Amino acid sequence: MIDFVIFSVTMIAIWSVLGISLHLQFGLTGLVNFGQVLPFAVGAYGAATATAHGLPDWTGIAIGAVMAPLIGILVILPAGRLTQDYWALVTLGAAEIFRLTMLNVPNIAGGVEGMSVYRFASNRVGMAFALALLIVAILFALRLGRSPFGRMLRVIREDEMLAATLGRDPVEFQRSVTVVSWCIAALAGTLYAHVVGYISPNSFTVVETFIVWMAVVLGGPATISGVVLGTVIVQLTSVSTRFIAEWSHLGFELVSNLRLGAFGLVLILVFLFRPGGLIPERSERVDAGSQ
Amino acid sequence: MMQILVDAIVYAAEIAIIAVGVALSYSILRFANFAHVQFAVVGAYLSFAANQLLGFVLPVAVLVGVVATGLIAVLVDHLVFSRLRYISPEGKMIVSWGVALFLRAAIASIFGGAARVFSTQPVNLSLGGAYFTSQDAIVVGTTVAAMIILNLLLYRTRVGTALRALASNPDLAATRGIPAGRMIALTWFISGAYAALGGTMFALQTRLQPNMDLIILLPTFAAVTLGGLDRVFGAALGALALSLVQNLLIDVDFGSLVSDTRWSVPTQFRDFVAVGAMVLILLLRRPQEGREAR
């Protein structure tokens, strides 16, 4: 029982960090990124590569934290000037290219078999790391959201033209926030790999991206407390699928399908009846004189 | 060479008919509908159910599947998207993921995760040294017929004129008395029905499984992107171009060109080409094109 609680808390912390990285991009800046699983996967594969070559653990973190923003820049550099529809397609495509590469070129990272990763000595250590990362991510995101930089991101979200009129280049801001956000997501991915101890291309599909989106939209994309609350709900539902399946005798596959269907339905209902999520953003009055 | 061409045309036919629906709905509804791919899967399963469970002959079963999926699409619009007409296109896009996930879960719950196959006995044919089956010929014929019907509908009827008016200027169209609500419902019906037809043919050629959506998703959106998101028949051309490149890359023996060993690009890289082409095209687009639309 205690193991289960530790596992749940760890998963909630890791996916909350991933949710916060999406909060920075979508909640604050309004970028629709349908490939948020990509930096997460890059972080995880960074850890796996470090383990495979017998390198110390921090190299895994470094590989992920450097590679993910680099790939992020590669994706956003040309895509920054696209409209949202195309930006969604490009990020979705980029994430799938990465997954397909890992799947079809076994020489890089074991193909469909995946790779095993060095695991933390005890699950408590994993939980401690996950919570520490979560706290750092929350403090960072709060600070960023309240800074002038964060305010400009909100301006870009509401009206890119206005931001340009104020003399700021929206693309430049979008690029910076993508680099930061992907770096955070990569750290979450590295930690995920070390907690689970095994990664394969099947852990990083479109469905995983969708689960992050689900949590963020449900809780409230523009607030950090909303993102964490959404993640708690979604992850608790996910980890308890096995128990519900045992208890209801419906079979694991059916229950997990029903769970995904419920996620889809909840997403639709949130948009219909509570567009700001469970914890919506409050409008802030900023007095120019006090700045 | 002839064989590559035939393979390319057959694959293009399966994708084109789904892609055309994405472009049609984008041109009128103004958002990329990710649930569209799911309509293809739903349609394929409904055709399968009508054929194997209700015992209709295959053409009738396909018709049942197509019409039923069209109605499901109208229902989705009525229940969800008609209430969200004025939110941002990004919002609609995210909601369409929700719809897609719901439909996928419904299909997987009802029919189970195992793969199923239509029982058909295609005859082998050949033309100019290229081999194909009678089923390939039917698929291509159906796609061509469907394209001609859609073209006639859009360019030769009053309804088509109304749809095109709505696509080019919704406000003006509404002012001129075009019933936007009914036309939007019709758009959903047509794109849902076409997706179902394409999905059924895709399943006929391969097999039926709930994760078919991920197999169809990328080539479809790649084809639509190649043709231009809002150009209906551009999507069909995009599918053809994409399929030609894919089949050329996979079928041509590059190894023999440079050395004595045979080597060609493995088949798994088919999707790779699709995604690669899509990303490349998007990145090479003229910068201001997207911004103008706002």
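Fair warning: this is a prediction, and the values are worked out from it, not measured in the lab. Just so it is clear: chains get the letters A, B, ... in the order the sequence lines come, proteins before strands, and each one is counted from 1.
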TODO: Name the member of A:L89, A:L100, A:V32 that forms the most heavy-atom pairs with chain B at distances under 4.5 Å.
DONE: A:L89
TODO: Pick one of side chain, backbone, both or neither for B:I107, based on which atoms fall under 4.5 Å of a heavy atom in chain A.
DONE: neither
Task: Under 4.5 Å from a heavy atom of chain A, the part of B:A106 involved - done: neither
Given that the side chain runs from C-beta out, which part of [X] has a heavy atom under 4.5 Å from chain B: side chain, backbone, both or neither?
X	result
A:L92	side chain
A:T101	both
A:V207	side chain

Task: Full working for ring-ring contact (aromatic ring centres under 6.0 Å, His included) between A:F263 and A:W213 - done: CA-CA 10 Å; A:F263 281 174; A:W213 268 96; over 10 Å; no
Open item on the list: If you count heavy-atom pairs within less than 4.5 Å of chain A, which of B:I94, B:L218, B:V99 leads?
Closed with: B:I94
- [ ] Against chain A, work out which of B:L214, B:L103, B:V95, B:L79 has the most heavy-atom pairs shorter than 4.5 Å and name it.
- [x] B:V95
Considering only distance and modelled atom types, tabulate donor-acceptor pairs under 3.5 Å from the side chains of residues 265-277 of chain A, sequence neighbours left out.
residue, atom, partner, partner atom, Å
A:R274, NE, A:G277, O, 3.0
A:R274, NH2, A:L278, O, 3.1

TODO: Measure the acute angle between the ring planes of B:F111 and B:Y45, then classify it against the limits of 30° and 60° as parallel, tilted or perpendicular.
DONE: tilted
Open item on the list: Checking B:T187 now: which residues fulfil side chain to side chain donor-acceptor pair (under 3.5 Å) with it, not counting sequence neighbours?
Closed with: none
- [ ] State the CE-OG1 distance between A:M11 and A:T231, to the nearest 0.5 angstrom.
- [x] 13.0 Å
- [ ] Verify the neighbour count for atom CZ of B:R85: are there more than 12 heavy atoms of other residues, nucleotides or ligands below 6.0 Å?
- [x] yes
